[in-house]
Amino acid sequence: MRQSEPDRHIGALTRRDALVAAAGVASAAMLAPGPGLAAARPIPFGSAAQIETFRADPRYRQALTSYCDVIVPMNDLKWEAIRHDRSRFDFSGADELVAFAERSGKSLRGHALLWGEALPPWAKEISTRAEAERELVQHIETVVDRYKGRIATWDVVNEVIKFEPLPGEPMRDTIWQRLLGPAHVEIAFRTAARIDPKARLVLNDFNFEEPGPGPAARRKIALDLCRRLKDKGIPVHGIGLQAHLYADKPLDIDGLQGFMVELGKLDLDVEITELDVIDWKLPADTATRDRAAASLVGTFLDAIVSVRRPKAIVTWGLSDRYSWVHETFPRKDGARARPLPLDADFRPKPMMAVLDRYRRSQS
Ligand code: 9MR
């Protein structure tokens, strides 16, 4: 595969090397980028931020300030948060995170306008096509309009692709798919573009990176969905790779790089939107786990960046102190998961050293 970026680090002791050496958990050589793979131009780095933690923990706020160029409200732009009450929109959590990002000069990604999960109970009872379309359009109009010109990028649809797609059955079974069919994707993109024509609009999904027919089919479906939107003149600017990487599973480097080539042909951007490492099957030793996670993230990002430069690299949380991975993928030995670039005490781990190859703001 093509490797286009010159390695600006070769021959110099980088901050990454220093961090790695200080941490004493891996030799710099183990984390060194392959020739030509480090970023020539930095890529905006960010993190999804949880409002409860943001409010409660000053160290977390400080870490967001120091490390991030981009902030993504993790849950506060979801239907569940904004629409818990059918008759009114509650933007309190999102507003707080948006205000924080604005006063600290950070850009914003909005997550997510349409998803089959994180819906309030009333929305799960929507029962007709007309009602579904009316609610979906009104929701997107209201949310996008509120942050018009402020939230630069939207995950317009999240996880609309079937987990293991079958021939002729590409779409995930959600309330939107059941009531509107595949047109729900089009309706969502068209509405977002109408309200904020300058916003960057992204199709966000997961499991594009594992080997096998399932992920290959998912990549093809993502491209087909975007191609169809473009053919109809509906704007779509990129595909978001969630990248919840399993430390115990291999990556399909050729598959990923081929995907990047195809994205390029369609003039679509790539964004890494929810990066973290699921380490539940790794040995207990923390240094071993951290080294494996850093190496996996490096391999993944190098594969992408060597073909197509992401518009942003966003991790799903910032510190191991707070992550969905603890609950969703509990370790048998009861040890805390270590999915993120900062440890539970906000100290940078080897993964942060790898991310430093690409990051814009150097704290
Ligand atoms: O991390 C998020 C967790 O706090 C929420 O309870 C959950 C439901 O809203 O969503 C989690 O984030 C998900 C994201 O929105 C979409 N991709 C998968 C993420 C992890 O489940």
Side-chain angles (χ1 to χ4, degrees), residues 46-57 60 64 68 70-84 90-94 96-97 108-124 139-140 143 151 153-163 171-177 185 188 202-210 215 218 222 238-247 249 270-280 300 312-330 336-342 344:
S47 162
Q50 282 166 289
I51 189 67
E52 301 79 7
T53 319
F54 176 84
R55 286 177 180 148
D57 187 342
Y60 178 68
L64 292 172
C68 296
V70 184
I71 297 291
V72 184
M74 183 181 280
N75 294 318
D76 286 280
L77 285 165
K78 292 174 182 171
W79 282 62
E80 198 170 44
I82 299 179
R83 309 295 307 281
H84 45 83
D90 175 2
F91 289 108
S92 52
E96 216 173 312
L97 290 169
L108 284 147
R109 301 189 82 258
H111 173 88
L113 296 171
L114 178 152
W115 191 19
E117 292 175 35
L119 292 166
W122 67 263
K124 291 180 199 151
H139 177 87
I140 295 177
V143 177
I151 293 188
T153 304
W154 280 101
D155 289 336
V156 178
V157 299
N158 185 47
E159 300 176 11
V160 294
I161 302 171
K162 204 179 181 86
F163 183 64
M171 308 304 291
R172 190 158 182 164
D173 178 29
T174 65
I175 187 162
W176 308 116
Q177 169 67 17
V185 174
V202 169
L203 178 143
N204 193 49
D205 220 309
F206 66 102
N207 197 11
F208 292 125
E209 62 276 345
E210 280 169 33
R218 294 173 62 75
I239 296 185
L241 276 56
Q242 291 188 1
H244 298 294
L245 306 179
Y246 286 81
K249 294 186 187 172
V270 60
E271 310 202 6
I272 312 305
T273 55
E274 306 186 14
L275 180 65
D276 53 20
V277 173
I278 297 163
D279 66 347
W280 63 338
F300 173 77
I313 296 174
V314 173
T315 52
W316 206 240
L318 197 50
S319 154
D320 292 341
R321 182 172 284 265
Y322 310 108
S323 167
W324 71 293
V325 175
H326 302 303
E327 289 82 42
T328 312
F329 301 95
R336 227 183 150 64
R338 300 178 69 84
L340 289 164
L342 302 179

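These values consider heavy atoms only, across backbone and side chains, with no hydrogens, waters or symmetry-generated copies. All ligand and atom numbering here is 1-based and tracks the order in the structure. These figures come from a predicted structure and were not determined experimentally. Residue indices begin at 1 and follow the sequence shown.
In summary, E210 and R218 do not engage in a salt bridge, as defined by a charged side-chain N under 4.0 Å from a carboxylate O. Using a cutoff of 4.0 Å between basic side-chain nitrogens and carboxylate oxygens, R336 and D320 are not scored as salt-bridged.
Of the polar atoms of H111, at least one N or O is found under 3.5 Å from an N or O of ligand 1, judged by distance alone. Polar contact with ligand 1: present for E159 (N/O pair, distance under 3.5 Å).
Ligand 1 is never approached by Q50 to a heavy-atom distance shorter than 4.0 Å. The shell of residues lying under 4.0 angstrom from ligand 1, judged by heavy atoms, excludes F206. Residue contact annotation: E117 has no non-hydrogen atom under 4.0 Å from ligand 1.
W79 and W122 have tilted rings, their planes meeting at an angle from 30° to 60° on a 0 to 90° scale.
Considering only non-hydrogen protein atoms, atom 7 (C) of ligand 1 sits nearest to K78 NZ, 3.7 Å. Nearest protein heavy-atom neighbour of atom 1 (O) of ligand 1: W316 NE1, 3.0 Å. The closest protein non-hydrogen atom to atom 5 (C) of ligand 1 is N75 OD1, 3.4 Å.
For the pair W324/D276, a side-chain contact is recorded, criterion being any heavy-atom separation below 4.5 Å from C-beta on. The side-chain heavy atoms of P339 and I278, taken from C-beta on, include no pair separated by under 4.5 Å. Between H111 and M74 there is no side-chain heavy-atom pair separated by less than 4.5 Å.
Contact atoms of ligand 1 toward A118: 9 (O) (distance under 4.0 Å to a heavy atom of the residue). Applying the 4.0 Å criterion to heavy atoms of N158 picks out, from ligand 1, the atoms 16 (C). Residue E274 approaches ligand 1 through these ligand atoms, each under 4.0 Å from one of its heavy atoms: 14 (C), 16 (C), 17 (N), 18 (C), 19 (C).
At distances below 3.5 Å, not a single donor-acceptor pair connects side-chain atoms of D76 with backbone N or O atoms of S92.
Defined by atom type and a distance below 3.5 Å, a donor-acceptor pair is present between the side-chain atoms of N158 and Q242.
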